[in-house]
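Have a look at the structure below, then the notes.
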Amino acid sequence: MSYPRVSTFKTPEAFQERLNDLRLELQFDREVQSGANSPLGQSVPFQDQFIGNRFCILPMEGWDAESDGKPTDLVRRRWRNFGLSGAKLIWGGEAVAVRHDGRANPNQLLINEENLTGIQELREIVETAHREQFGTTDDLLIGLQLTHSGRFARPNDGKRLEPQIGYRHPVLDEKFAIDSDDKIMSDEDLSKLIEDFVSAAVLSQKAGYKFVDVKHCHGYLGHELLSGFDRPGKYGGSFENRTRFLREIVSGIRAEAPGLEIGVRVSIFDFTPFEPGADRIGVPSMVESYNSAFGGDGTGQGIDLEEPTRFLKLLQELGIKLVCTTCGSPYYNPHIQRPAIFPPSDGYQPPEDPLVGVDRQIQATAQLKQQFPELLIVGSGYSYLQEWLPNVGQYAVANGLVDFVGLGRMVLSYPELPADVLAGNTMPRKKICRTFSDCTTAPRNGIISGCYPLDPFYKEMPERQELLAIKKEMG
């Protein structure tokens, strides 16, 4: 199944025609404005400062730290690019594990006393690069994303899961070879983990970060607990219990790190896992009913925002103003979470035009934003729009659908996109992310992550040839 590539839509009319063919609500501005007074250039007040524009760098999972979790030159290079990007909100930098057994891979960043100098240095690298390029950091807000990977933990071997789960899952247990209750974290285990999150937040504040993101997305532990409808005990069942993990972390941070702001990146809806079907096109793993989706409608392929709405109301009650929306998981329904025309090596061909997935995220986020105008909401799913990203992003911000346009994998190939858009520069085609998914295929096969097709730095690395060989075997 093939879909027309976004890069072939050379005019607003051609792009609109495709949106009409797909019957999407997605809207865009035909002309992108530049400068500080443009919709994407306007600042927004937050606490005792202003965030200088409406671009945000989303946190991504790194696979290139030291085995003990300290940053390497590759990590430092990536963070320097964050500073050079021109975005004024750095949402968490990248996923940082709060303890070793929660690392998603053996080379993920890890925050502890021994690594604190390196974690602090990353913030300083962003600030130095940003100050040199743009003159000030007064309107720059940098946070750190704190995570435990739960079901998808691979702390010691990138090819060997060492899962810690919230509950037994009807599809994922079989997919990832879990056949007993031994991997379920007890209430006592979760209480200890809450202490680890709080300790990590204290260290983050010591390292100079203005906020921490308590990660609740993409199938990792915080997100999985939100769908623990059948989990017994105080962390499962009712909405109150399923949000207890977050509430107790927030309470601990307020007590131990006063003044540190808190954000939450959350999957606001989820679908059933998908698997390769005929011609490797993705098909749903469950087709009758699916009751393991936070924000799902029970069918496995639909959205019900009743509980996500309650969740954002809870965040508001907890004094949390920073929210980053996303959806699904890269591990079991990547076309939902990260729309792309080219799948990663362990994925499947997309069963829908990726523009459908982009529209799905933007519209769901807009519904929540309209209910919570006082929250500062960052949207995700924009990278697939490619040349049309600024046009769609500008419309969304100008019309109150979202506060910030989040950029993830796009930053790996084209970190300067925010600065170029705000300066009115033409986006260079050779830098624009085409969602080849090499940045995912590489680490899934034990290779460091980076943009091998478009970033000259990674193009010259010997790992590129290894990656090309793997892709050739994939066909």
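What you see below is based on every heavy atom in this structure, not just the backbone, and it leaves out hydrogens, waters and symmetry mates. This is a predicted model, so every value here is computed, not measured.
For R254, the CZ atom sits in a packed shell: over 12 heavy atoms of surrounding residues, nucleotides or ligands are nearer than 6.0 Å. Counting heavy-atom neighbours within 6.0 Å of K210 NZ, excluding the residue itself, gives a total of 12 or less.
Between the CZ atom in F372 and the CD1 atom in I377 there is a gap of 8.0 Å [rounded to 0.5 Å]. How far CG of D230 is from CZ of R168: 12.5 Å, rounded to the nearest 0.5 Å. Within the model, atoms CD1 of I184 and CZ of R151 stand 9.0 Å from one another, a figure rounded to the nearest 0.5 Å. Summarising the geometry, atom CD1 belonging to I111 is positioned 6.0 Å from atom CG belonging to L116; distances are rounded to the nearest 0.5 Å. Note that CD of E317 is 5.5 Å distant from NZ of K313, once rounded to the nearest 0.5 Å. Once rounded to the nearest 0.5 Å, the distance linking CD1 of I253 with CD of E261 reads 11.0 Å.
Side-chain atoms of N333 never come within 3.5 Å of backbone atoms of F274 as a donor-acceptor pair (strictly under, hydrogens ignored). Q133 places no side-chain N or O within donor-acceptor distance of the main-chain N or O of A129, the cut-off being under 3.5 Å. Judged by distance alone, with hydrogens and angles left aside, the side-chain atoms of D173 form a donor-acceptor pair with the main-chain N or O of H169 at under 3.5 Å. Judged by distance alone, with hydrogens and angles left aside, the side-chain atoms of S149 form no donor-acceptor pair with the main-chain N or O of Y220 at under 3.5 Å. At distances below 3.5 Å, at least one donor-acceptor pair connects side-chain atoms of S238 with backbone N or O atoms of N241.
Geometrically, R444 engages Y331 in a cation-pi contact, judged by NZ or CZ lying under 6.0 Å from the ring centre and within 45° of the ring axis. F239 carries R310 over the face of its six-membered ring, with the cationic atom under 6.0 Å from the centre and within 45° of the normal.
Comment: E374 does not engage K321 in a salt bridge, judged by the lack of any side-chain N to carboxylate O separation of less than 4.0 angstrom. Between E162 and R160 a salt bridge is recorded (basic side-chain N to carboxylate O distance below 4.0 Å). Taking 4.0 Å as the cut-off between side-chain N and carboxylate O, K215 and D213 do not count as a salt-bridged pair. Under 4.0 Å is where a charged nitrogen must lie from a carboxylate oxygen, and between R434 and E387 at least one such pair does.
Counting only heavy atoms from C-beta outward, the side chains of L412 and L454 never approach each other to under 4.5 Å. Side-chain contact check for V323 versus V378: every heavy-atom pair is 4.5 Å or farther apart. The closest side-chain heavy-atom distance from F82 to L84 is not below 4.5 Å. Using a 4.5 Å heavy-atom cutoff, the side chains of V98 and T147 are not in contact. Side-chain contact between R78 and V411: absent, with no pair of heavy atoms (C-beta onward) separated by less than 4.5 Å. At a threshold of 4.5 Å between non-hydrogen side-chain atoms, the residues H335 and P354 do not count as touching. Two residues are said to be in side-chain contact when any heavy atoms from C-beta on lie closer than 4.5 Å; Q120 and Y209 fail this criterion. Counting only heavy atoms from C-beta outward, the side chains of V405 and L389 approach each other to under 4.5 Å.
N105 pairs in a side-chain hydrogen bond (donor to acceptor under 3.5 Å, both in side chains) with only one of the listed residues (E61, K159, R154), which is E61. The only member of K234, R244, R231 that meets side-chain hydrogen bond (donor to acceptor under 3.5 Å, both in side chains) when paired with D187 is R231. For the side chain to side chain contact (heavy atoms under 4.5 Å, CB included) with F294, the lone residue among P308, C327, S267 that qualifies is P308. Among Y384, F342, Y458, Y452, the one residue that satisfies the ring-ring contact (aromatic ring centres under 6.0 Å, His included) test with F436 is F342. Applying the side chain to side chain contact (heavy atoms under 4.5 Å, CB included) test between M185 and each of L225, I165, L190 identifies L190 as the sole match. The one candidate from L89, D139, L376 that meets the side chain to side chain contact (heavy atoms under 4.5 Å, CB included) condition with F46 is L376.
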>> Using the rule given for side-chain contact (heavy atoms from CB on, under 4.5 Å), can you reason through Q371 versus L312, listing the C-alpha separation, both sets of side-chain angles and the distance that settles it, and then say yes or no?
In response: CA-CA 9 Å; Q371 294 181 72; L312 264 63; over 6 Å; no
> Given L193 and I249, is the side-chain contact (heavy atoms from CB on, under 4.5 Å) satisfied, shown in steps?
Replying inline: CA-CA 9 Å; L193 180 57; I249 290 173; over 6 Å; no
>> Using salt bridge (charged side-chain N to carboxylate O under 4.0 Å, His left out), reason through D73 and R77 one step at a time and then give a plain yes or no.
In response: CA-CA 6 Å; D73 285 344; R77 177 183 184 269; over 6 Å; no
> Could you go step by step and tell me if W63 and I447 meet the side-chain contact (heavy atoms from CB on, under 4.5 Å) rule?
Replying inline: CA-CA 8 Å; W63 290 69; I447 305 171; over 6 Å; no
>> Using side-chain contact (heavy atoms from CB on, under 4.5 Å), reason through L322 and L141 one step at a time and then give a plain yes or no.
In response: CA-CA 11 Å; L322 293 170; L141 185 67; 4.2 Å; yes
>> Between W91 and F211, does the ring pair (Phe, Tyr, Trp, His ring centres under 6.0 Å) criterion hold? Intermediate values first, please.
In response: CA-CA 9 Å; W91 187 285; F211 74 95; 5.3 Å; yes
> Is there a side chain to side chain donor-acceptor pair (under 3.5 Å) between R99 and S199 once you walk through the steps?
Replying inline: CA-CA 10 Å; R99 68 189 199 197; S199 297; over 6 Å; no
> Run the side chain to side chain donor-acceptor pair (under 3.5 Å) check on Q49 and D138 step by step: do they pass?
Replying inline: CA-CA 8 Å; Q49 72 167 92; D138 291 347; over 6 Å; no
> Please walk me through it: do K431 and E416 pass salt bridge (charged side-chain N to carboxylate O under 4.0 Å, His left out)?
Replying inline: CA-CA 9 Å; K431 286 190 171 185; E416 309 90 351; 3.2 Å; yes
> Please walk me through it: do T272 and Y332 pass side chain to side chain donor-acceptor pair (under 3.5 Å)?
Replying inline: CA-CA 8 Å; T272 175; Y332 54 78; over 6 Å; no
>> Before you tell me yes or no, could you show the steps for E94 and W79 under side chain to side chain donor-acceptor pair (under 3.5 Å), namely the whole-Å CA-CA distance, both residues' side-chain angles and the distance that decides it to 0.1 Å?
In response: CA-CA 9 Å; E94 63 185 86; W79 283 62; 2.7 Å; yes
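Here E466 pairs with nothing under the side-chain hydrogen bond (donor to acceptor under 3.5 Å, both in side chains) rule; sequence neighbours left out. Applying the side-chain hydrogen bond (donor to acceptor under 3.5 Å, both in side chains) rule to S329 yields no partners; only residues at least two apart in sequence or on another chain are considered.
In plain terms, the two heavy atoms of K70 and A65 that are nearest each other are O-CB, 3.3 Å.
N53 and K88 share no side-chain donor-acceptor pair at under 3.5 Å. Looking at D68 and H100, their side chains never bring a donor and an acceptor atom within 3.5 Å of each other.
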